[in-house]
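First up is the structure itself, then whatever we jot down about it.
Bear in mind the structure is a predicted one, so any value in this text is a computation, not a measurement.
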Amino acid sequence: MAQSKLNDLAGKLGKGGPPGLGIGLKLLAAVGVAAYGVNQSLYTVEGGHRAIIFSRLGGIQSDIYSEGLHFRIPWFQYPIIYDIRSRPRKISSPTGSKDLQMINISLRVLSRPDSINLPSLHKQLGIDYDEKVLPSICNEVLKSVIAKFNASQLITQRQQVSLLIRKELVERARDFNIILDDVSLTELSFGKEYTAAIEAKQVAQQEAQRAVFFVERAKQEKQQKIVQAEGEAEAAKMLGLAVKQNPAYLKLRKLRAAQSIARTIASSQNKVYLSADSLMLNIQDSNFDDMTEKVYKIGTGLPKNWLDASKMTPNVDTNVGDVARNTAGRIV
């Protein structure tokens with residue numbers, strides 16, 4: 001129709017215009033029609049895409065065209081272009097475990113069409129193949145796999161569960177000419193009742209471990225006290241033996257006590273006036289050993305001059321511990 005209009009216009013202009021004008025317009029019209037035809041006969045396939053041809057005479061053709069510039073017959077043929085790059089999709093599904101616990105599981109898949117079987121895929125499913133296939137097969141596989149495991153096994157054997165889901169999904173998707181590049185579990189959660197039961201169990205286990213710790217600590221403290229008592233008894237025995245062999249040991253202990261008292265008073269900010277008797281420094285005084293003699297006499301019944309080592313009998317077998325206990329009993 002456009003060509004006829006151009007010819008009419010060229011004829012009208014040729015009758016009243018300069019010679020050769022009609023021929024020029026006809027040539028211009030022919031060039032425009034040729035350019036339009038060439039433009040409609042070529043199409044481009046972008047990177048990461050594949051194209052198949054639909055013919056009005058024979059339907060979907062079996063040829064698959066890769067990236068680049070391609071030729072087609074205008075009006076009789078038109079290209080159908082598929083994106084063959086992997087696309088992510090997240091699918092969530094509530095399902096039940098082997099022990100009848102409700103599990104909320106989310107799955108992320110990377111899918112793409114099989115570029116070799118694009119004509120068959122288009123005849124069966126069309127451009128929106130992933131919307132038609134992936135939700136149904138993912139839910140089916142998830143429910144079938146999760147039903148084989150207990151709720152506790154889903155946590156401890158998560159890797160095995162993920163591998164089993166991936167294996168079955170890849171096999172099911174292959175039946176529809178879909179390739180799954182990756183399948184991964186992104187979320188695995190349990191119902192509120194099961195979560196509360198797990199928390200209660202963990203608390204009970206921690207309380208049991210705490211009780212065991214307290215029992216062990218009590219045993220250690222008991223053992224420590226036994227060892228400490230044995231050490232004190234051995235120290236008292238050795239002290240009694242030292243006093244029996246050399247009574248001047250008590251004088252040495254008094255001197256050490258006097259040093260400790262003097263050091264404490266010297267470091268104090270208060271002024272204290274004490275006699276040599278109070279500081280136990282009156283070593284040359286005859287009253288220095290009075291209290292010691294009284295205590296030992298009460299505990300052992302020895303004579304008053306027991307400090308004289310030459311007059312002590314070697315058969316005395318009384319230690320300081322016995323002396324202290326006897327003395328304390330009599331004083332009370």
Side-chain angles (χ1 to χ4, degrees), residues 32-95 103-146 158-189:
V33 170
Y36 176 77
V38 170
N39 182 50
Q40 293 297 317
S41 300
L42 300 176
Y43 66 94
T44 302
V45 179
E46 302 292 339
H49 294 72
R50 295 291 185 273
I52 57 176
I53 294 296
F54 174 79
S55 174
R56 296 183 184 273
L57 300 178
I60 297 294
Q61 304 297 310
S62 59
D63 296 331
I64 300 172
Y65 299 91
S66 59
E67 297 94 338
L69 186 65
H70 301 279
F71 176 79
R72 71 183 180 94
I73 302 176
W75 192 82
F76 285 100
Q77 295 177 339
Y78 67 87
I80 302 173
I81 299 177
Y82 274 85
D83 186 358
I84 62 170
R85 294 172 294 185
S86 297
R87 291 184 293 179
R89 185 181 183 90
K90 185 177 181 180
I91 299 172
S92 300
S93 175
T95 182
I103 311 296
N104 298 318
I105 187 169
S106 296
L107 193 69
R108 179 180 179 271
V109 296
L110 290 177
S111 63
R112 58 184 175 89
D114 189 358
S115 59
I116 300 176
N117 298 316
L118 283 180
S120 176
L121 175 66
H122 186 77
K123 291 179 182 179
Q124 295 177 359
L125 301 174
I127 296 291
D128 54 347
Y129 62 92
D130 53 346
E131 295 287 344
K132 296 178 180 178
V133 174
L134 290 181
S136 59
I137 65 173
C138 287
N139 284 321
E140 176 188 358
V141 171
L142 284 176
K143 293 181 183 297
S144 63
V145 172
I146 297 300
R158 179 165 181 167
Q159 184 176 4
Q160 181 179 353
V161 174
S162 178
L163 292 176
L164 188 57
I165 291 174
R166 176 172 183 174
K167 179 181 177 182
E168 295 193 11
L169 267 181
V170 169
E171 293 177 355
R172 291 286 290 123
R174 177 64 64 180
D175 296 337
F176 299 94
N177 298 316
I178 300 175
I179 299 176
L180 299 182
D181 293 327
D182 181 65
V183 178
S184 58
L185 294 177
T186 57
E187 182 182 357
L188 185 65
S189 59

Next on the checklist: Consider side chain to side chain contact (heavy atoms under 4.5 Å, CB included). Of F54, Y43, Y65, which one does P79 pass it with?
Outcome noted: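 Of the listed options, the one satisfying the test is Y43.
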
Next on the checklist: As a quick check of understanding, evaluate side-chain contact (heavy atoms from CB on, under 4.5 Å) for N117 and L121, giving each step before the final call.
Outcome noted: CA-CA 6 Å; N117 298 316; L121 175 66; 5.6 Å; no

Can you tell if the side chain of [X] reaches within under 4.5 Å of the side chain of [Y], non-hydrogen atoms only?
{"X": "P113", "Y": "L118", "result": "yes"}
{"X": "I60", "Y": "I80", "result": "yes"}
{"X": "V109", "Y": "D182", "result": "no"}
{"X": "P119", "Y": "I64", "result": "yes"}
{"X": "I105", "Y": "T95", "result": "yes"}

Could you pull out the closest heavy-atom pair between [X] and [Y], with the gap in Å?
{"X": "D83", "Y": "H49", "answer": "CA-CD2, 3.7 Å"}
{"X": "K132", "Y": "L125", "answer": "NZ-O, 2.6 Å"}
{"X": "N139", "Y": "P135", "answer": "ND2-O, 2.9 Å"}
{"X": "R158", "Y": "L185", "answer": "NH2-O, 3.2 Å"}

Item to check | Within residues 110-130 or reaching into it, pairs that qualify as ring-ring contact (aromatic ring centres under 6.0 Å, His included) - sequence neighbours excluded | outcome: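 Matches after skipping sequence neighbours: Y82-H122.
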
Enter the distance from [X]:[atom1] to [Y]:[atom2] here, rounded to the nearest 0.5 Å.
{"X": "I84", "Y": "S66", "atom1": "CD1", "atom2": "OG", "value": "9.0 Å"}
{"X": "L110", "Y": "R89", "atom1": "CG", "atom2": "CZ", "value": "12.5 Å"}
{"X": "I179", "Y": "S86", "atom1": "CD1", "atom2": "OG", "value": "8.5 Å"}
{"X": "D130", "Y": "F176", "atom1": "CG", "atom2": "CZ", "value": "13.0 Å"}
{"X": "K143", "Y": "S93", "atom1": "NZ", "atom2": "OG", "value": "4.0 Å"}
{"X": "Y78", "Y": "I52", "atom1": "OH", "atom2": "CD1", "value": "9.5 Å"}

Identify every side-chain donor-acceptor pair in residues 164-173 under 3.5 Å, counting partners at least two apart or on other chains, and give the distances.
residue : atom : partner : partner atom : Å
R166    : NH2  : D181    : O            : 3.3
R172    : NH2  : E140    : OE1          : 3.3

Item to check | Intermediate values then yes/no, side-chain contact (heavy atoms from CB on, under 4.5 Å), Q124 and N177 | outcome: CA-CA 10 Å; Q124 295 177 359; N177 298 316; 4.3 Å; yes

Checklist entry - Within the distance-only criterion (no hydrogens, no angle test), does the side chain of Q61 pair as donor or acceptor with the backbone N or O of G59 below 3.5 angstrom? => result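 Looks like yes, one N/O pair under 3.5 Å.
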
Item to check | Atom CG of L42: over 12 foreign heavy atoms under 6.0 Å | outcome: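 Yes, enclosed.
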
Item to check | Check against side-chain contact (heavy atoms from CB on, under 4.5 Å), Q40 and W75 | outcome: CA-CA 9 Å; Q40 293 297 317; W75 192 82; over 6 Å; no

Checklist entry - Can you list the residues that meet the side chain to side chain donor-acceptor pair (under 3.5 Å) rule with S111, with sequence neighbours excluded? => result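 Scan of S111 (side chain to side chain donor-acceptor pair (under 3.5 Å), adjacent residues dropped) gives none.
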
Checklist entry - Do K90 and S106 pass the side-chain contact (heavy atoms from CB on, under 4.5 Å) test, and can you show the C-alpha distance, the side-chain angles, and the key distance before you say yes or no? => result CA-CA 7 Å; K90 185 177 181 180; S106 296; 3.9 Å; yes

